[in-house]
Each structure stands twice: as C-alpha cells, then as structure tokens.
Amino acid sequence: MDRVSVDPGLLDDLEWRGLIAHSTDPEALREALTEQPVRFYVGFDPTAPSLHMGNLVQILTAKRLQLAGHTPYALVGGATGMIGDPRDSGERTLNSLDTVKEWVQKVQRQIEPFLDFEGPNAATMVNNYDWTASLSTIDFLRDIGKHFPVNRMLARDVVKSRLEAGISYTEFSYVLLQSMDFLNLYRDHGVRLQFGGSDQWGNLTGGVELIRRHEGGKAHAFATPLVTKADGTKYGKTEGGALWLDPEMMSPYAFHQFWLNAEDDKVGELLRIFTFLSREEIEDLEAQTAEKPFLRAGQKALADAVTTVVHGAEETEHAKAAAAALFGGGDLRELRGETLAAALREAGATQAARGTPVVDLLVEAGLVKSKGEARRTISEGGAYLNNERITDVEHVPGEDDLIAGSWLVLRRGKKNLAGVEMR
RNA sequence: GGCAGGUUGUCCGAGCGGCCAAUGGAAACGGACUGUAAAUCCGUCGGCGUAUGCCUACGCAGGUUCGAAUCCUGCACCUGCCA
C-alpha cells in the first residue's frame, strides 16, 4: 500500500491557488486528503496530437497532489477519444481508430515527464480503451446504463444547450464512459478521487454517483477553474491557434513569449495556477507588478517558470536569449553573428535566394499569408526589415542589408519576428 | 417514409436574378498611445506585380438565363413536426 506521509497543507494551497472551482463534499475531501495518501486520477482525451494550456492545469495539479504524497493515475482516453465529449460548439467529427491510437501515444509521452513513475507513490498510466473496447453492449446497458436516469442526463448544461442544435446518442453517452472509468479505477485500483476542468463537472459527478449507486462507495471529485483572459473571454487564441505543449507545434520561444505577454491583471492568477513558486514569492511578484508594472517582473518570472516546467531550463535560456537579442532595443548589427543566428532560429527562420523582393520574403518567412497581405502590411507601416520600417513595397534587400553576412531580420508589428538566411 | 425549414467567408449572421468578393457583429492583424500589458481611437481583413481586369468562393452536381449566392432538378447532410 501507499506508505508515504501526506502534506496536510495541500488543500489549503490548492484553494489559495484558486484551483478548486467546484468540489463534492469539501469536508470529506479535506479529511480524505489529510489523513492518508489518496489514489486519484485525471483523464486526457486525445483530441489533438498535443496537449495544450487547458490540459496543463490538470497536469500540474496532478503533480501538486503527487508532491504532497498522493498517488496519480494518468488516464489517456483511447476509448472516450473515439466518442467525443459533447461541447457547446456542436457535434464533433469522429476520428479514426488509427488517429486516436497515434494521439494516445503522443499524449502519454507528453504527460510522462511531469509525473514521477517511481517511488512509494509512483504514478500509473492507464488507457480506458483497455476496459471499454471489449465491453459488450448488453453488459454496458445493464451494468452502467441502468444507473443513469435520462432525465438527469438531460438536465446537464452541455446537453441542454445542445438540444436545439442537436446531439447524437454517441456524444450523449459520453458521460457513461467517463463515469465507468472512475468506477473501474475505484474498484480495481482503489482510486477515490478524480478531478478535471470545470467543463468536466458533469462527468466528474457522474462518476462519483455511479460509484455510489453501483458499489455503495464514497468517492470525491473537484474541478479546476477555466482560465480566461481578463475580459472573461477564452484563452488560447495566440497566433491563430491553441497554446500547444508540443515544441514541434509551438516553439519554446513562442511559448515563452506567450507568458511574457500576460496581462497585468492576470499575472497573479497565472503564477498561482501554473507555477510551483511559493506563496511568499508569488505575493512578492504581485506586489512588484502592482507597483512597477512596466518592469513586468511577474510576467518574466511566469514565463521562465512555466517554460522551464514544460520545456526545460535549457530551452528557457535559449528563449530568453533570443528575446533579449531581438527585443533588446540595441542595434542588431552589433550582435555577434552566432548570437543573432541562434536567436533567429529560435524565433523561426527560413532560407531564401538573394535578390528576392521583401514582399516575397515576408510570405516565405510565414509572417503574412499572401503577397497582397504583405503589400498591405507594408503600406500600413507594419513591416520592418532589420528593425527599420519598410516604406517601399517594391524594396529588394541588397548586400548591405545583410547582417552577419547572410541574415535579414523581418518583423511584422511589434512581436512577429522571423529570420531569413539569404543564400 | 411524408411534410416543412435550413446548409454563406475563421465564427455568428444578412442577402433571395444584375449595383455581390457578398451588409452587420465577433475574432484576427497593423498603426497611434504604452511597458513585447490592458483599455481606447484609427485602419485592414479571398488570390493575382494592381488590372473600369482575371481566377477562386456562397453544401455537391447539373440546368434555365445575356447574367445566379439568389430560380429549377437531382444528391448529401442538419433541424423540426408527423408516421
């Protein structure tokens, strides 16, 4: 059995960090987490080849629980990923088994570095495909379905909101699968706690209730809050996509930049949710942000901490060095060639033939989608070559524009940078 | 299976034979102001070396017409009601 001493301050810390948005029976949860090590699980559906910011909240919360002495079960939804959790935006497109299997592997590999798979409270990786795929329809309907009153299922917010636009039986049934996961882990592994994002609340309580009805058992659940921007709108719309954890899908540099650009009003909240800095450190950073916001001490600490947790210290240093070189305000030409080249590779770099007009270079560097957009950007005064605004749409960079022998630094607006190595 | 309504650009949503590359929101992007914040204001927001031009686009495939996102036919999908 799990023989580790647990940190009695865990729940207070989670609450202080604002990580508990909803909870079943708070008193019982506190008691359970304080008395002894608890086996808990958190699930991730493979809906994309990479996890993102929203999932990171869960991963880090799982790590907090493990650090406090509890035992994690990380579940990847090989089965639930085949079905699709209902969401307001409408029915999902089903992915093929091959796609889901591939994404399951990627997601598992992404979670692994965050948890400790050795020691007295070692983490366990599970896949609900293992117990769902072979389940017969009759068993499913008799053993699981019997415990789900349809009237209750219809009352769930997601379902209600989908009744107009339509919802398939497939997605409607999703909650049964996730609840069954909890039941199985409860029965076979002694898992007594599940948490997830607040949008998962219905699924979380579904499991708790199923355990009660089916086994007469007592299980717990809590939901972490939805992280939003200061104006309440959704995050994740950076550079036209979500904030991915996979460095192939989002460079560590871009990832670091995202946190660095956090709104003042959000820095404290983000530090509490996404970093392991202590309460004292965070309160100090919040005070600094309040007094001298222009120094952005909070943003810097946040960006460094989160990037280090996700991509490692080395990548963080690279990202910082690149940002310092490119945003430093100094003359680019004074930078050493290697420094510049490294910074540009970090920010994103391409190659092009000498004599290519800027308009085409902007397209090739990925800063704009078309030549028309490139011309528009230039005429709006939003395009820069080596930190100088480009005024001539027809401009063709020459030899004396090259920095360190072969580089051009293109920028769109303040933050979108790209290097082009001229061949 | 029957009847009715629907399918428009990243999203929502107008248009209902020429004045439509398509009104209006939102998102996004650029500029100004700043701190690589927020808010605000201004501008842009299908492609093409830029053209009273051509190409692509209003679910898919055909058709009517000098001309169709708009009308007709078939198909697919969605929603509601009936069986």
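Below, chains carry the letters A, B, ... as their sequence lines are ordered, and counting in each starts from 1. Just so you know, these numbers come straight off a predicted model, no measurement behind them. Any value given below was found using the heavy atoms of this structure, including those in side chains, with hydrogens, waters and symmetry copies removed.
Looking at the side chain of A:Glu263, the nearest of the listed nucleotides B:U44, B:A38, B:G35 is B:A38. Nearest to the side-chain atoms of A:Asn416 among the listed nucleotides B:U36, B:G30, B:G47 stands B:G30. In this structure, the nucleotide among B:G30, B:A37, B:G35 sitting nearest to the side chain of A:Arg412 is B:G30. Side-chain atoms of A:Ser370 lie closest to B:C48 of the nucleotides B:C48, B:G35, B:A38.
Checking A:Gly372 against A:Leu295, the closest nucleotide of RNA chain B that is more toward the 5' end is the one next to A:Leu295. Mapping A:Tyr384 and A:Lys371 onto RNA chain B via the closest heavy atom, the residue that lands nearer the 5' end is A:Tyr384.
Within 4.0 Å of A:Arg389, counting heavy atoms only, lie sugar-phosphate atoms of the nucleic acid but no base atom. Among the heavy atoms of the strands lying under 4.0 Å from A:Gln299 is at least one base atom, whether or not backbone atoms are also near. Using a 4.0 Å heavy-atom cutoff across all strands shown, A:Asp265 reaches no nucleic acid atom at all. If you check every strand for non-hydrogen atoms under 4.0 Å, A:Ala383 touches nothing.
B:G63 and B:G53 are spaced 27 Å apart, taking the P atom of each and rounding to whole Å. As rounded to the nearest Å, B:G30 and B:C81 have P atoms that lie 47 Å from one another. When the P atom is used for both B:U10 and B:G46, the distance is 10 Å, rounded to whole Å. Taking the C1' atoms as reference points, B:C55 lies 42 Å from B:C3, given to the whole Å. Atom name P, nucleotides B:A22 and B:C66: the rounded distance is 26 Å, in whole Å. For the P atom pair drawn from B:C42 and B:A26, the interatomic distance equals 12 Å after rounding to whole Å. Comparing B:U79 with B:G25, their C1' atoms sit 24 Å apart, to the nearest whole Å. Rounded to a whole angstrom, the distance from the P atom of B:G31 to that of B:A37 is 11 Å.
The pair A:Arg354-A:Glu399 meets the salt-bridge criterion, since a charged nitrogen lies less than 4.0 angstrom from a carboxylate oxygen. Under 4.0 Å is where a charged nitrogen must lie from a carboxylate oxygen, and between A:Glu373 and A:Arg412 at least one such pair does. Using a 4.0 Å cut-off between charged side-chain N and carboxylate O, A:Asp360 and A:Lys371 make a salt bridge.
Atoms CZ (A:Arg375) and C1' (B:U44) sit 16 Å apart, rounded to a whole Å. Residue A:Leu260 contributes atom CG, which lies 9 Å from atom P of B:A37 at whole-angstrom precision. Atom NZ in A:Lys369 sits about 11 Å away from atom P in B:G30, given to the nearest Å. The CD1 atom of A:Ile167 sits 14 Å away from the P atom of B:C78 (whole-angstrom rounding). One interatomic measurement links the two molecules: CD1 of A:Ile378 to P of B:C45, which rounds to 16 Å at whole-angstrom precision. Whole-Å rounding puts the A:Phe255 CZ to B:U36 P distance at 22 Å. Atoms CD (A:Glu373) and C1' (B:G30) sit 10 Å apart, rounded to a whole Å. Computed from coordinates, the A:Glu380 CD to B:G31 C1' distance equals 8 Å when rounded to whole Å.
Note on A:Arg376: every side-chain N or O is 4.0 Å or more away from OP1 and OP2 of B:G31. A sub-4.0 Å separation between OP1 or OP2 of B:A37 and a side-chain N or O of A:Lys292 is absent.
When both pairing distances are held under 3.5 Å, B:A26 makes a Watson-Crick or G-U pair with B:U10. Pairing for B:U40 goes to B:A32, judged as Watson-Crick or G-U wobble with the two contacts each under 3.5 Å. Partner assigned to B:C3 is B:G80, using Watson-Crick or G-U wobble distances below 3.5 angstrom. For B:G18, the paired nucleotide is B:C66, the pair qualifying as Watson-Crick or G-U wobble because both relevant distances are below 3.5 Å. The base-pairing partner of B:G53, taking Watson-Crick or G-U wobble contacts with both distances under 3.5 Å, is B:C48.
Side chains of A:Asn203 and A:Arg156: a donor-acceptor N/O pair is present below 3.5 angstrom, by distance only. Counting only N and O atoms by type, the side chains of A:Asp304 and A:Thr316 include no donor and acceptor under 3.5 Å apart. Between the side chains of A:Asp181 and A:Trp131, at least one donor N or O lies within less than 3.5 Å of an accepting N or O. For the residue pair A:Glu380/A:Thr377, the side-chain donor-acceptor check at 3.5 Å is not satisfied.
Checked by distance alone, A:Gln257 brings a side-chain donor or acceptor within 3.5 Å of a matching partner on the base of B:U36.
Residue-environment remark: CG (A:Asp139) exceeds the threshold of 12 foreign heavy atoms within 6.0 Å.
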